Amino acid sequence: MHTNNLAALDWWMLAGTLGLIALYGMWRTRQKSSGSEFLTGKKESHWTTIGLGIIATQASAITFISTPGQGFAEGLGFVQFYFGMPLALLVIGLWIVPRFMASGTATAYGYLEGIYGSRVRWLAASLFLMSRSLAAGITLYAPGIVLSAVLGWDLNTTILWMGAVVVAYTVFGGYKAVAVTQTAQMAVVFGGLFVAAYYLTDHLPQGVGLRESWDLMGVYNRTQVLDWSFDPANRYTVWSGLAGGFFLALSYFGTDQSQVGRYLGGRSLKEIRIGLTFTSLIKIPMQLFILGLGLLLYTTMHFVDEPLWHNPAVADVWGHDPDHEAIDAQWQEMQAQRHVHTQAYLNHSEGAESLRMLEQERSQIKQAAKDRIAADHPDLETKDTDYVFLGWALKSLPAGLLGLLLAVILSGAMSSASAELNALSATTVIDFGPLVGWSKEPSLALSRALTAFWGLAAMGVALSASLSENLIQLVNMIGSLFYGPILGIFACAWLFGKRCSEGQVFYGALFAQLLVAALHWANVEGVLDLGYLWYNLIGACAVLLIAVLTPKKAGL
């Protein structure tokens with residue numbers, strides 16, 4: 001996959017779309033602003049700007065690269081991750097936002113100081129800075145994968161180039177630039193995804209449509225949305241989504257400055273509540289739609305030759321392996337059999353069991369190839385579901401549409417990364433400024449300098465990232481490592497107020513963070529098998545229990 005895959009029309013579509021969005025944002029923010037306005041805006045956002053901004057901040061390039069691959073590999077079950085989100089947004093809109101607005105806080109963490117003092121505020125803000133800087137790095141890493149695959153560039157060079165563009169864009173415009181461009185970016189995103197879905201469906205073989213694709217994917221249980229099992233080792237179940245997903249969403253949307261800043265910029269409580277409702281109504285259907293692209297992709301692979309490797313770097317190494325031909329022959333034979341049994345199933349509803357057996361054979365061949373690669377190249381990542389959607393697009397989309405799809409992916413990167421960097425700099429200036437003696441009205445130069453600093457930090461994380469997980473899972477796992485304790489701190493403030501002491505909440509949060517870290521270590525080492533969504537519930541409950549049950553000792 002190199003630059004010759006992009007026609008001139010693709011380059012015009014890509015550069016024109018992103019360039020117009022960036023120029024529009026710069027034109028709308030051309031007036032000089034103060035440091036505080038640069039960081040947090042002037043509270044003038046309409047509900048559409050709030051709703052689309054929340055979605056755009058969450059739906060980074062990772063969503064459009066990785067989620068179709070998740071659907072391709074495992075089906076629709078991942079959507080259960082979002083089941084707790086509508087309820088969390090309802091709680092935030094009805095109960096939490098009025099508290100933030102009444103406190104007059106500019107960041108989520110300033111609200112805590114009025115209840116528990118500066119020590120708890122700084123702890124919560126520090127946990128946010130750690131989690132969001134890591135997540136921002138992954139947000140930059142994902143489009144780095146896209147551009148390196150398309151352009152044939154070195155991945156690290158691509159990350160540095162992409163990071164520099166995002167940092168420059170955010171440093172120039174600040175909060176308002178993020179807000180005014182996210183609406184345009186989401187319009188591009190939705191348009192591009194619908195075009196991709198139409199093209200995938202339109203190019204299925206004659207007589208095969210959405211209904212036939214659904215039936216075929218049902219053979220592999222990829223159409224199963226709901227898992228009612230109580231096994232805590234299962235990452236995505238109804239219960240982990242409603243419980244762990246609720247606590248993750250409540251923490252992310254209720255305590256993460258990258259999201260709190262989106263809706264605290266609203267012009268009124270009514271506008272904020274409408275924006276949150278809009279987000280809750282659209283998010284789950286949106287994720288199902290994107291996962292459904294993965295189902296259409298896997299359907300397509302039943303009628304064409306699926307490559308053994310979707311990652312071009314692995315495919316290149318594999319092609320130079322002296323012993324690859326035997327496994328390649330098995331792969332081709334498996335596909336030939338799959339073509340035959342697919343037609344039999346669609347024509348006569350026969351052969352479902354044969355297709356399932358071929359699916360097992362497909363997994364075995366793939367694992368044998370991975371083992372072969374690992375023997376000679378142990379550092380090469382062979383899990384390549386994040387390349388499935390992009391690989392199909394490069395081979396199948398006509399000139400112009402490929403450029404539009406890349407514009408979709410990079411629009412997601414720009415919208416999410418810029419909001420994250422803006423939130424990191426706002427939290428640093430506003431929450432930690434008094435600690436180092438900065439004035440209450442930060443200078444524009446300082447605000448921009450700190451935005452650039454966090455951009456460089458995120459680029460550093462991106463340069464050290466690896467595909468140890470599917471990207472959409474990795475970014476959510478990072479959040480789950482921190483969001484439980486952060487939510488626990490805020491839950492103490494929301495539920496108990498000053499009935500809990502500063503020390504009870506502070507040390508409860510420290511213990512909860514250590515507990516979550518220990519649970520994750522046990523998971524990684526194989527001592528424990530626990531879905532990471534449960535970290536959010538466990539971390540939040542640990543803070544609450546310790547804060548409520550420990551005595552109020554002097555000096556604690």
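All values derive from a computational prediction rather than experimental measurement.
For A522, the side-chain contact (heavy atoms from CB on, under 4.5 Å) partners are V527, L528, not counting sequence neighbours. Residues satisfying the side-chain contact (heavy atoms from CB on, under 4.5 Å) test with A457, not counting sequence neighbours, are W454. Residues satisfying the side-chain contact (heavy atoms from CB on, under 4.5 Å) criterion with L134, sequence neighbours excluded, are V461, I478, F482. Applying the side-chain contact (heavy atoms from CB on, under 4.5 Å) rule to W95 yields the partners V91, R99, W494, L495; only residues at least two apart in sequence or on another chain are considered. In this structure, the side-chain hydrogen bond (donor to acceptor under 3.5 Å, both in side chains) partners of Q259, at least two apart in sequence or on a different chain, are Y252. Residues meeting the salt bridge (Lys or Arg N to Asp or Glu O under 4.0 Å) test with E113, sequence neighbours left out: R121.
With rounding to the nearest 0.5 Å, the separation of CG in L76 from CD in Q70 is 10.5 Å. One finds the CG atom of L112 at 10.0 Å from the SG atom of C492 (value rounded to the nearest 0.5 Å). Expressed to the nearest 0.5 Å, how far CZ of F246 lies from OG of S240 amounts to 14.5 Å. With values rounded to the nearest 0.5 angstrom, K283 atom NZ is found 6.0 Å from M85 atom CE. A distance of 11.5 Å separates CG of D256 from OG1 of T107, quoted to the nearest 0.5 Å. Distance OG/S251 to CD1/I486: 5.5 Å, rounded to 0.5 Å.
The side-chain heavy atoms of V167 and L421, taken from C-beta on, include a pair separated by under 4.5 Å. No side-chain heavy atom of Y483 sits less than 4.5 Å from a side-chain heavy atom of L250. Side chains of I538 and L530 form a contact here, defined as non-hydrogen atoms less than 4.5 Å apart. With contacts defined as side-chain heavy-atom distances shorter than 4.5 Å, the pair Q257/N422 does not qualify. Between L52 and F278, some side-chain heavy-atom pair lies under the 4.5 Å cut-off. The side-chain heavy atoms of L123 and L510, taken from C-beta on, include a pair separated by under 4.5 Å. Within the 4.5 Å cutoff, the side chain of T428 has no heavy atoms near those of the F453 side chain. Looking only at side-chain heavy atoms (C-beta outward), I290 and P68 come within less than 4.5 Å of each other.
In terms of modelled atom types and a separation under 3.5 Å, the side chain of Q513 and the main chain of L481 share a donor-acceptor contact. Checked by atom type and distance alone, the side chain of R273 pairs as donor or acceptor with a backbone atom of G93 at under 3.5 Å. Under a 3.5 Å cut-off, the side chain of E420 and the backbone N or O of R132 do not form any donor-acceptor pair. Looking only at distances, a side-chain donor or acceptor of R499 sits under 3.5 Å from a matching main-chain atom of F496. Looking only at distances, no side-chain donor or acceptor of T105 sits under 3.5 Å from a matching main-chain atom of A108. Side-chain N or O atoms of T427 include none that pairs as donor or acceptor with a backbone N or O of L424 at under 3.5 Å. With hydrogens and angles disregarded, a donor-acceptor distance shorter than 3.5 Å links the side chain of Y263 to the backbone of F253. For the pair Q80 (side chain) and G77 (backbone), a donor-acceptor distance under 3.5 Å is present. Listed for the S131 side chain is a donor-acceptor partner under 3.5 Å among the backbone atoms of F128. Judged by distance alone, with hydrogens and angles left aside, the side-chain atoms of N536 form no donor-acceptor pair with the main-chain N or O of F247 at under 3.5 Å.
Between L140 and G455, the shortest heavy-atom distance links the atoms CD1-O, 4.5 Å. When all heavy atoms are compared, the tightest approach of A509 to P485 is O-CB, 4.1 Å. Nearest heavy-atom pair across S126 and F432 is OG-CZ, 3.4 Å. T550 and I546 make their closest contact through OG1-O, 2.5 Å (heavy atoms, listed as atom of the first residue, atom of the second, distance). Taking both residues in full, the closest heavy atoms of I50 and G275 are given as CG2-CA, 4.3 Å, listed atom of the first, atom of the second, then distance. Scanning all heavy atoms of the two residues, the minimum distance from S447 to S425 falls at O-CB, 4.2 Å.
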What verdict does the side-chain contact (heavy atoms from CB on, under 4.5 Å) test give for V516 and H520, after you've listed the backbone C-alpha separation in whole Å, the side-chain angles of each residue and the deciding distance to 0.1 Å? CA-CA 6 Å; V516 171; H520 185 62; 5.5 Å; no

As a quick check of understanding, evaluate side-chain contact (heavy atoms from CB on, under 4.5 Å) for Y116 and C500, giving each step before the final call. CA-CA 8 Å; Y116 297 126; C500 292; 4.0 Å; yes

Test V238 against D227 for side-chain contact (heavy atoms from CB on, under 4.5 Å), laying out the working first. CA-CA 6 Å; V238 171; D227 182 349; 5.7 Å; no

Passes side-chain contact (heavy atoms from CB on, under 4.5 Å), F511 versus L514? Steps please. CA-CA 5 Å; F511 175 82; L514 291 173; 5.6 Å; no

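No side-chain N or O of E271 forms a donor-acceptor pair with one of S268 less than 3.5 Å apart.
By the 30° and 60° cut-offs, the orientation of the rings of Y109 relative to F490 is perpendicular.
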